[in-house]
Amino acid sequence: MKVQMPRTVMEAEAIQDELRALLDLTGPGPRSPARVAGVDVAYDRDRLAAAVTVLDGTTLEIVEEVAVSGRVAFDYVPGLLAFREVPALLDALERLSVTPDLVVCDGYGLAHPRRFGLACHLGVLTGLPTIGVGKTAFVGTYPTPAPERGSWADLTLDGDVVGRVLRTRHGVKPVFVSVGHRVDLATACHNVLNLTPRYRLPETTRAADRLSREALIENCRPDLVESAQYHEMG
């Protein structure tokens, strides 16, 4: 599906409303994906680098990596981050020689003020099973999950469950999992645990984060790169 680029916030919200009607939130989605892709975007001022890293679903070894560079096409507005990132991420995904069975976004899906975060947006446009794994809570409330790995608590917004607060390491801060497209919440959490054998964040996210940083530095003048800014809330 072709990406629609808005000119105003009102147009962006209207596009979200249109695409949200196409979401599949029941899945169930793949429980043993052969290939899992992580996506991430790094920024420096008006420049960005979008990275897609595909891992073997069993060994978690890198199968393929693609990074593309460009300029930001939409101003940052909380809740509309996808319009900054989706065009470049779609470009990177289209350059892959393999098709991932699951895409893991460093961000949010249904756990979003308009119930349509980056994972939802990217999932609808690509048709791929997609989930979001956030480092912090963007919306909603939750009780603290037990300290053991695999413990979780519901993340709720306005009385609805929009995700899970999942403990991927014993005694370490949890991550915030939400469905994007064509995956149910239980399957999303099952996959996140499989992708976190050693660290808090999924290996897909770690690999894509590294690649996006490297690509940003390689494609910007070193004297202009003070720091890479990653995933403002939204």
Side-chain angles (χ1 to χ4, degrees), residues 1 3 16 19-40 52-58 60 63 81-82 85-86 89-90 92-93 96 98-135 137-140 142 145 149-157 160-168 174-197 200-208 231 234:
M1 186 180 297
V3 62
Q16 287 182 328
L19 295 179
R20 187 170 54 246
L22 304 177
L23 283 176
D24 174 355
L25 302 177
T26 59
R31 286 186 64 84
S32 300
R35 300 186 183 95
V36 187
V39 300
D40 201 6
V52 178
T53 305
V54 182
L55 274 57
D56 181 283
T58 301
L60 301 185
V63 175
L81 176 66
E85 302 196 343
V86 161
L89 289 174
L90 286 177
L93 284 164
L96 290 173
V98 299
T99 300
D101 302 296
L102 178 68
V103 178
V104 180
C105 297
D106 180 20
Y108 310 95
L110 196 63
H112 180 272
R114 297 180 58 78
R115 307 295 206 281
F116 199 75
L118 173 64
C120 297
H121 205 137
L122 195 63
V124 168
L125 292 181
T126 63
L128 296 172
T130 310
I131 64 175
V133 182
K135 301 180 185 73
F138 182 33
V139 296
Y142 58 93
R149 169 177 160 84
S151 298
W152 58 271
D154 285 333
L155 177 66
T156 59
L157 177 64
D160 298 325
V161 175
V162 294
R164 283 184 184 173
V165 186
L166 178 66
R167 194 85 68 178
T168 57
V175 296
F176 297 81
V177 182
S178 56
V179 301
H181 184 55
R182 295 183 57 201
V183 183
D184 65 37
L185 188 53
T187 302
C189 291
H190 169 82
N191 280 297
V192 171
L193 287 173
N194 286 342
L195 291 168
T196 52
R200 174 182 176 239
L201 296 178
E203 290 299 308
T204 42
T205 299
R206 288 165 46 81
H231 284 278

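In this structure the side chain of Val36 never reaches within 4.5 angstrom of the side chain of Val54, judged on heavy atoms. Between Leu90 and Leu125 there is a side-chain heavy-atom pair separated by less than 4.5 Å. Looking only at side-chain heavy atoms (C-beta outward), Val133 and Cys105 stay at 4.5 Å or farther from each other. The closest side-chain heavy-atom distance from Leu55 to Val63 is not below 4.5 Å. Between His181 and Cys120, the closest side-chain pair of non-hydrogen atoms is not below 4.5 Å. Side-chain contact between Pro30 and Pro129 is present, with heavy atoms from C-beta onward closer than 4.5 Å. Put simply, the side chain of Thr130 does not reach to within 4.5 Å of the side chain of Arg182, judged on heavy atoms. Two residues are said to be in side-chain contact when any heavy atoms from C-beta on lie closer than 4.5 Å; Thr168 and Val192 meet this criterion.
For the atom pair CZ of Phe116 and CG of Leu22, the computed distance is 7.5 Å after rounding to the nearest 0.5 Å. Taking CG of Leu195 as the reference point, atom CD of Glu203 lies at 8.0 Å (rounded to 0.5 Å). Here Leu155 contributes atom CG and Tyr108 contributes atom OH; the two are 9.5 Å apart, rounded to the nearest 0.5 Å. With rounding to the nearest 0.5 angstrom, the OG1 atom of Thr205 is 5.0 Å from the CG atom of Asp106. Note: Thr99 OG1 to Leu128 CG = 7.0 Å, rounded to the nearest 0.5 Å.
By the side chain to side chain donor-acceptor pair (under 3.5 Å) test, Thr156 pairs with Thr141, sequence neighbours left out. Taking the side chain to side chain donor-acceptor pair (under 3.5 Å) definition, one finds that Arg200 meets it with nothing, sequence neighbours left out. Considering only residues two or more places apart in sequence or on other chains, Arg115 meets the side chain to side chain contact (heavy atoms under 4.5 Å, CB included) condition with Arg20, Leu110, Leu157, Asp158, Asp160, Val162. Under the side chain to side chain donor-acceptor pair (under 3.5 Å) criterion, Thr196 pairs with Arg149, not counting sequence neighbours. Ala208 is linked by a side chain to side chain contact (heavy atoms under 4.5 Å, CB included) to Asp40, Thr53, counting only residues two or more places apart in sequence or in another chain. Applying the side chain to side chain contact (heavy atoms under 4.5 Å, CB included) criterion to Asn194, with sequence neighbours excluded, gives His190. Under the side chain to side chain donor-acceptor pair (under 3.5 Å) criterion, Asp24 pairs with Thr26, not counting sequence neighbours. Listed by chain and number, the residues in a salt bridge (Lys or Arg N to Asp or Glu O under 4.0 Å) with Arg35 amount to none (sequence neighbours excluded). Partners of Asp184 by side chain to side chain contact (heavy atoms under 4.5 Å, CB included), not counting sequence neighbours, listed by chain and number: Pro28, Ala186, Thr187.
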Show the numbers, then the answer: is there a side-chain contact (heavy atoms from CB on, under 4.5 Å) between His112 and His121?
-> CA-CA 11 Å; His112 180 272; His121 205 137; over 6 Å; no
Under the side-chain contact (heavy atoms from CB on, under 4.5 Å) criterion, do Glu85 and Leu118 qualify, and how do the steps go?
-> CA-CA 8 Å; Glu85 302 196 343; Leu118 173 64; 3.4 Å; yes
For side-chain contact (heavy atoms from CB on, under 4.5 Å), just list the numbers for Val103 and Val39, CA-CA rounded to whole Å, side-chain angles, deciding distance to a tenth of an Å, and then say yes or no.
-> CA-CA 7 Å; Val103 178; Val39 300; 4.0 Å; yes
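Here the side chain of Asp101 pairs no donor or acceptor atom with the backbone of Ser32 at under 3.5 angstrom. The backbone N or O of Gly109 sits less than 3.5 Å from a side-chain atom of Ser178, completing a donor-acceptor pair.
Classification of the Tyr142-Phe176 ring pair by plane angle, with boundaries at 30° and 60°, yields perpendicular.
Heavy-atom minimum distance, Pro174 versus Arg167: CD-NH1, 3.6 Å.
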